[in-house]
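Only one structure is covered here, and it is reproduced in the block below.
Just so it is clear, the values below take in all heavy atoms, side chains as well, and ignore hydrogens, waters and symmetry mates. Every chain is numbered from 1 and lettered A, B, ... according to where its sequence line falls, protein lines coming before strand lines.
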Number of protein chains: 2
Amino acid sequence: MKYTVAFMKRYGQACAIARALDVVGERWSLLLVRELTFGPRRYRDLATGLPGIPSNVLTGRLKELQAAGVVTRRALPAPTDVTVYELTGAGRALQPILDDLLDWGLRYGPEPSQDDAGQPGWALLGGVGRPSALPEGQTCELRVGLEGFYLSSDAGKLTVRRGPAPDGDAVVTMPADTLYSLVTGQTTVTDAVRHSTVNGDTEIARRALEPLAAALTRPAPNN
Amino acid sequence: MKYTVAFMKRYGQACAIARALDVVGERWSLLLVRELTFGPRRYRDLATGLPGIPSNVLTGRLKELQAAGVVTRRALPAPTDVTVYELTGAGRALQPILDDLLDWGLRYGPEPSQDDAGQPGWALLGGVGRPSALPEGQTCELRVGLEGFYLSSDAGKLTVRRGPAPDGDAVVTMPADTLYSLVTGQTTVTDAVRHSTVNGDTEIARRALEPLAAALTRPAPNN
DNA sequence: CGGAATCCTCTTCGATACTG
DNA sequence: CAGTATCGAAGAGGATTCCG
């Protein structure tokens, strides 16, 4: 049995940017972190959230990121008996980098291709951190296809996690297309709600969805 | 002759983060952008600023980044007859990403190794954008080893470019070690000036160097 | 001499098959 | 379900050669 953990070749530069890239600069690494931003996930979830990643590469990246202290592997308590991967503090601290990459990609990135893969979670990425009028403590569950999220507000900013809302004040079930239209600015919150099924407080739902509106519109290039 | 420009395999995801990484996610790409942050550079400068990069990889990355609109290639006017590479608007827009990577690398990155390469320019990266008390229009030239920079202030924030200061109000010649001590917080501005040769207005020099002080200190981990 | 392009080797990636 | 194993293809690393 081989114990070799395949570390990427270091740049060997006494520069903090290079040292950061020593850890997260490899192919797939930052996308793997992206997949963990809404909470812990299992190996299988990660594999489907990263379409095209070979299983050996996923395993390798998980090992490297664990060695670097970005990700931890944890076994959930007894009955479920399932192991999940989740971000450490250092991993959560990568969020600003992902946010900036998202902004840059929207403005300057290549046009998305017609047959690119899409996932509901990716549509929510642009909304986190935006101002939310959702009262503290109120939560809204959002169901899109087979995936569920819950939206809440922390210090006036939208927070998204995976899973059912613990105390959902509203449950919105929305087609994926409607969600994409909403975040790309082609649909208003009002229209998105109209195309959804809402259980519970519609006003809460409306406020929870508000930060998602046009969150992924491509800003006008300024040069 | 082959016209194939070796494009990195795209992730094929309809996610702005993935599309950004399609452009700048390859090995060396962001470091190449880093090398251009202080202004245009020649092929040779880039090669020495990226120790270890094979020449074919450098050529390839330059082509890809040009194709993506991040970098332009330009021939300097007649007498010099030299071609340089420089950032476009899209390339300069990558700055926040580099800044965040730098912050993250300082706090969570691997310890720098003893035999890592070091360059004066890398030491200045942490200072740009910091508040500067340098009066608008005043500039200070900083010479470290064979490399020269000029520091100025734009809207109260430090700006760094390569080359001699056009109208230098002060010229500071500093040993590389002193610069590293300054940015890592082991030396104060006063001590750094004491170990340097200053021509011109010492007060201007002091104010120009101020934002560099402790710019690359590793922040205390908060968990 | 600066600015690349070419070889060649070796590692990593991608795709698929396989196992505890 | 959560990974290993295998193998061809692609890309990185290093040195050398070419060209204007």
Problem set entry | C:dA4 OP1/OP2 closer than 4.0 Å to side-chain N/O of B:Y85 | yes

Between protein and nucleotides 6-8 of chain D, what N or O pairs are separated by less than 3.5 Å?
from: D:dT6; atom 1: O4; to: A:N56; atom 2: ND2; distance (Å): 3.2

- Query: Can you find a donor-acceptor pair, distance only, under 3.5 Å between B:S55 side chain and C:dA5 base?
  - Reply: yes

Rounded to whole Å, the CD1-C1' distance (B:I53 to C:dG3) equals 14 Å

Here the side chain to side chain donor-acceptor pair (under 3.5 Å) pairs for residues 28-39 of chain B, sequence neighbours left out, are A:Q13-B:R34, B:E35-B:W122

Legend entry - OP1 or OP2 of C:dA4 under 4.0 Å from side-chain N/O of B:R61: no

Exercise for the section: Decide yes or no on side-chain contact (heavy atoms from CB on, under 4.5 Å) for A:L125 and B:C15, but give the supporting numbers first. Expected result: CA-CA 9 Å; A:L125 287 165; B:C15 162; 4.2 Å; yes

Side-chain N or O of A:K63 less than 4.0 angstrom from OP1 or OP2 on D:dT4? yes

Rounded to whole Å, CG of B:L50 lies from P of D:dG14 at a distance of 13 Å

Is the phosphate of C:dG14, meaning OP1 or OP2, less than 4.0 Å from a side-chain N or O of A:W28? yes

With sequence neighbours left out, the residues meeting side chain to side chain donor-acceptor pair (under 3.5 Å) with A:R41 are none

Atom CD of B:E26 and atom P of D:dG11 are separated, to the nearest Å, by 8 Å

From the candidates C:dG14, D:dT4, D:dA2, the one with an atom nearest any side-chain atom of A:P54 is C:dG14

When rounded to whole Å, the OH to C1' distance for the pair A:Y11 and D:dG13 reads 13 Å

Fill in: Distance below 4.0 Å between A:R27 side-chain N/O and C:dG14 OP1 or OP2
yes

Taken to the nearest whole Å, CG/A:L31 to P/C:dC13 is 14 Å

From CZ of A:R73 across to P of D:dA2 the rounded distance in Å is 9 Å

- Message: For a side-chain contact (heavy atoms from CB on, under 4.5 Å) check, start with the C-alpha distance between A:R61 and A:K63, then their side-chain angles and the critical distance, and finish with the verdict.
- Response: CA-CA 5 Å; A:R61 292 292 175 276; A:K63 289 215 173 101; over 6 Å; no

In whole angstroms, the gap separating P of C:dA4 from CG of B:L32 amounts to 12 Å

Point to revise | A:R218 to A:Y108 six-membered ring, cation-pi geometry met (6.0 Å, 45°) | key: no

**Item:** Pair A:R10 + B:D116, salt bridge at N-O below 4.0 Å
**Value:** yes

Taking every heavy atom of B:A165 against every heavy atom of B:T139, the minimum-distance pair comes out as CB-OG1, 3.7 Å

Rounded to whole Å, CG of B:L58 lies from P of D:dG11 at a distance of 17 Å

**Asked** Cut-off 3.5 Å, side chains only: do A:Y43 and A:S55 have a donor facing an acceptor?
**Response** no

So side chain to side chain donor-acceptor pair (under 3.5 Å) across residues 159-175 of chain A, not counting sequence neighbours, yields A:E147-A:R162

Ranking B:T59 and A:V57 by the position along DNA chain C of their nearest nucleotide, the one closer to 5' is B:T59

Under a 4.0 Å heavy-atom cutoff, the residues of residues 34-47 of chain A touching DNA chain C are none

By side chain to side chain contact (heavy atoms under 4.5 Å, CB included), B:R42 pairs with (sequence neighbours left out) B:D45, B:V82, B:V84

